[in-house]
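A short worksheet on the structure shown next.
What's counted below: heavy atoms across the whole structure, side chains too, no hydrogens, waters or symmetry copies. Within every chain, numbering begins at 1; the chains are lettered A, B, ... in the order of the sequence lines, protein sequences first and strands thereafter.
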Amino acid sequence: MSWRQLESMAPGEVLPPEFFARSALQVARELLGDYLCLREHPHGPVHRWVIHETEAYTGPDDKACHAAKGLTPRTQVMFGAPGHWYIYLCYGVHWMANIVCERQDHPAAVLLRGAGHADGPGKLTKGLGIGKQHHGKLAVPANGLWIETGEDVPDKAVDVTPRIGIAYAEEWVEKPFRFIWREATHDLKPAKWRPTKKKRARNR
DNA sequence: GTTCCGATTGTCT
DNA sequence: GACAATCGGAACA
């Protein structure tokens, strides 16, 4: 039974911080079908994109999780309260949108990889206009970026795979921490795993 | 169809 | 100074 059913939330309700105060794996799975919502101006239109792909970064022991290297200025929001946005620049090019999970002092987060017609985390943030201005903010409508309940997605419609782009994470590379809502993505190209250029050079 | 590669900058060593 | 939770386009098959 999902948290949503326990709390009997109707579709279209804002997910409160408590929703995220659980394991990143559980949150990542349940976010499928929910709406990523953005409003640029207080009186501007609300953009709602259905979330169809997520990844869980589970804590300080997870070598793929940025917080595995300890508390730094960049990662400190992951060590804080759940329900806040952790947003960072990847490859000097793309902003990644993550929402902090678990509890204070247990760094964990869920990366939003696909929503609406965007089939990658960089396209998602670019398409919606998410950037460093949202970093560290609580995910509530007053801050312009939040998540609302959508439909429940059944397990049979969900693919679970290893995470993308984390070839350095040793025994955590193969963990099935990526969740894809298949029906929502069948006409999008799936993200392919590929080692980074430098890793390829090293392996030659 | 697949594979390769550069872009571009914050972060950590 | 190395490298990164990516992407789009070019080159090749």
**Report entry** A:Y35 atom OH, neighbour heavy-atom count above 12 within 6.0 Å
**Finding:** no
Query raised in the report: So, A:E170 and A:Y168: side-chain donor and acceptor under 3.5 Å apart, yes or no?
Result: no
Query raised in the report: Which ones in residues 122-136 of chain A lie close to DNA chain B, meaning a heavy atom under 4.0 Å from one of its atoms?
Result: none
Report task. Take atom C1' in C:dG8 and the same atom in B:dG10, then report the distance between them in whole Å. Result -> 22 Å
**Report entry** Integer angstrom distance from the P of C:dA5 to that of B:dT3
**Finding:** 23 Å
Between [X] and [N], is there a side-chain N or O to OP1/OP2 distance below 4.0 Å?
X	N	result
A:H94	C:dA5	no
A:Y168	C:dA5	yes
A:Y91	C:dA4	no
A:R178	C:dA5	no

Requested in this report: Check for a donor-acceptor pair, side chain of A:R103 on one end and backbone N or O of A:P82 on the other, with a separation under 3.5 Å.
Outcome: no
Report task. By nearest nucleotide on DNA chain B, pick out whichever of A:T72 and A:L89 is the more 5' one. Result -> A:L89
Query - Aromatic ring pairing A:H66/A:Y86, orientation class (parallel under 30°, perpendicular over 60°, tilted between) - result: perpendicular
Requested in this report: Answer with yes or no after comparing the ring centroid distance for A:W95 and A:H135 against a 6.0 Å cut-off, counting only values under it.
Outcome: no
Query raised in the report: Any side-chain heavy atom of A:Y88 within less than 4.5 Å of one from A:K132?
Result: no
Query raised in the report: Planes under 30° and centres closer than 5.5 Å, is that true for A:Y88 with the base of B:dG10?
Result: no
Query raised in the report: Can you give the dot-bracket line for DNA chain B, using ( ) for pairs inside the strand, [ ] for pairs that cross earlier ones, | for pairs with another strand and . for unpaired bases, where Watson-Crick and G-U count if both distances are under 3.5 Å?
Result: |||||||.||||.
